[in-house]
Asks: 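First, the structure itself, so that you have it in front of you.
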Amino acid sequence: MQEQKKISAVVLAGGQSKRMQTNDKGLQLLLGKPLVCFSLKSVTEITDDIFLSANRNQAQYQQFGFPVVADENDRFDGPLAGVLAVMKRSVREVLLVIPCDLPLLTAEHLRRLLHGVTAETEIAVAYDGNRLHPTVMAVRISLAADLDAYLHGGARKLQDWIVTHRWRKVDFADCAASFRNINSLEELAQLEIELSESGKVPG
């Protein structure tokens, strides 16, 4: 799955950010930039068909220049609801999914993930050597109707849905630190200190 025209991408920024004291996670600043910008930079190197999944502050997210898609209801049903809303908008074959809180992920990582979608697989999921990262996945758009039925049945768990399909985990054990996610303002501040001291800029 290397052909750009076959791939759409969505950056998930639609959650309630409860562990961020309800601050909108994607709009919090890291090195002077909103956190969502780092994910957007990575996916723009992969495809030109990019969506933002956001249920709050949509006017602010629209300023990044990509279509902003809300869940089909206001229940905050989790990442799968955002994935489904974009799957229904996309006309390409594969949807690349990443969250807004993994600023160290690069386009190189995403290309490796996409190699996991083959003729034999429907979903590829990132694995850091210790655990899966279900919100970092590549999924065939053809599964949209199945996902719709899953959510309408009252289920919500992303990993439970993934394992009902032909899927594979893509090993990132050699770069597990790149999957460091930001769940609190304290973690965000700590990462900023580390990046500032190292002189490294994500992306």
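Both backbone and side-chain heavy atoms feed into the values below; hydrogens, waters and symmetry mates do not.
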Asks: Name the one of Leu35, Asn55, Asn57 that satisfies side chain to side chain contact (heavy atoms under 4.5 Å, CB included) with Asp24?
Replies: Asn57
Asks: Could you pull out all residues at least two apart from Lys33 that satisfy side chain to side chain donor-acceptor pair (under 3.5 Å)?
Replies: none
Asks: Between Arg168 and His115, what is the shortest heavy-atom contact and its length?
Replies: NH1-O, 4.4 Å
Asks: Which residues satisfy the side chain to side chain donor-acceptor pair (under 3.5 Å) test with Arg156, sequence neighbours excluded?
Replies: Asp77
Asks: Who passes side chain to side chain donor-acceptor pair (under 3.5 Å) against Asp174, sequence neighbours left out?
Replies: Arg112
Asks: For Ala107 and Ser42, work out which heavy atoms get closest and say how close.
Replies: CB-O, 3.5 Å
Asks: Using atom types as modelled and distance alone, determine if a side-chain donor or acceptor of Tyr150 lies under 3.5 Å from a backbone N or O of Lys157.
Replies: yes
Asks: Taking only residues two or more places apart in sequence, or in another chain, which ones meet Asp171 in a side chain to side chain donor-acceptor pair (under 3.5 Å)?
Replies: none
Asks: Going through the checks in order, is the side chain to side chain contact (heavy atoms under 4.5 Å, CB included) test met by Leu132 and Ile162?
Replies: CA-CA 11 Å; Leu132 286 174; Ile162 289 171; over 6 Å; no
Asks: Salt bridge or not for Arg92 and Asp48, using N-O below 4.0 Å?
Replies: yes
Asks: Check for a donor-acceptor pair, side chain of His109 on one end and backbone N or O of Thr106 on the other, with a separation under 3.5 Å.
Replies: yes
Asks: Kindly state each residue pair satisfying ring-ring contact (aromatic ring centres under 6.0 Å, His included) with at least one member in residues 167-199, sequence neighbours excluded.
Replies: His133-Phe179, Phe172-Phe179
Asks: Would you check if the side chain of Lys25 reaches a backbone N or O of Ile182 as a donor-acceptor pair within less than 3.5 Å?
Replies: yes
Asks: How close do Leu104 and Ala177 get, heavy atom to heavy atom, and via which atoms?
Replies: CD1-O, 3.7 Å
Asks: Run the salt-bridge test on Arg140 and Glu122 with the 4.0 Å N-O cut-off and return the result as yes or no.
Replies: no
Asks: Keeping the roles fixed (side chain from Thr44, backbone from Leu40), state whether a donor-acceptor pair exists under 3.5 Å.
Replies: yes
Asks: Taking C-beta and beyond as the side chain, do Ser53 and Val69 meet within less than 4.5 Å on heavy atoms?
Replies: no
Asks: Membership question, hydrophobic clusters at under 4.5 Å side-chain separation (ILVMFWY): are Leu29 and Leu52 in the same one?
Replies: no
Asks: As an exercise, state the distance from CG of Leu113 to NZ of Lys169, rounded to the nearest 0.5 Å.
Replies: 14.0 Å
Asks: Strictly distance-based, threshold 3.5 Å: is any side-chain N or O of Thr121 a donor or acceptor partner for the main-chain N or O of Gly116?
Replies: yes
Asks: Would you call Asn181 and Thr135 a side-chain contact if the rule is heavy atoms closer than 4.5 Å?
Replies: no
Asks: Check Val94 against Ile141 and note the closest heavy-atom contact, atom names and distance.
Replies: N-CG1, 3.9 Å
Asks: Test side chain to side chain contact (heavy atoms under 4.5 Å, CB included) on Val117 and Glu93; report intermediate values, then the result.
Replies: CA-CA 11 Å; Val117 182; Glu93 293 183 20; over 6 Å; no
Asks: Evaluate the side chain to side chain contact (heavy atoms under 4.5 Å, CB included) criterion for residues Thr47 and Leu96: first the C-alpha distance (whole Å), next the side-chain angles of each, then the deciding distance (0.1 Å), finally the verdict.
Replies: CA-CA 9 Å; Thr47 179; Leu96 176 62; 5.7 Å; no
Asks: What do you reckon, is CD of Gln58 surrounded by more than 12 foreign heavy atoms closer than 6.0 Å?
Replies: yes
Asks: For the pair Leu12 and Val83, evaluate side chain to side chain contact (heavy atoms under 4.5 Å, CB included) and give the outcome as yes or no after the intermediate values.
Replies: CA-CA 8 Å; Leu12 300 174; Val83 170; 4.3 Å; yes
Asks: Step by step, work out the side chain to side chain donor-acceptor pair (under 3.5 Å) result for Gln190 and Glu194.
Replies: CA-CA 6 Å; Gln190 180 59 38; Glu194 294 173 17; 3.0 Å; yes
Asks: Is a side-chain donor or acceptor of Thr164 paired with a backbone partner of Trp161 at a separation under 3.5 angstrom?
Replies: yes
Asks: Heavy atoms only: give me the nearest Ser39-Cys100 pair and the separation to one decimal.
Replies: OG-CA, 3.7 Å
Asks: Go through the structure and list residues passing salt bridge (Lys or Arg N to Asp or Glu O under 4.0 Å) with Lys88, not counting sequence neighbours.
Replies: Glu72, Asp148
Asks: Taking C-beta and beyond as the side chain, do Leu30 and Leu195 meet within less than 4.5 Å on heavy atoms?
Replies: yes
Asks: Heavy-atom distance under 4.5 Å between the side chains of Phe38 and Leu105, does that happen here?
Replies: no
Asks: If every non-hydrogen atom of Ile46 is compared with every non-hydrogen atom of Arg111, which pair is closest and at what distance?
Replies: CD1-CG, 3.4 Å
Asks: A side-chain contact here means heavy atoms from C-beta on lying under 4.5 Å apart; do Pro103 and Leu191 qualify?
Replies: yes
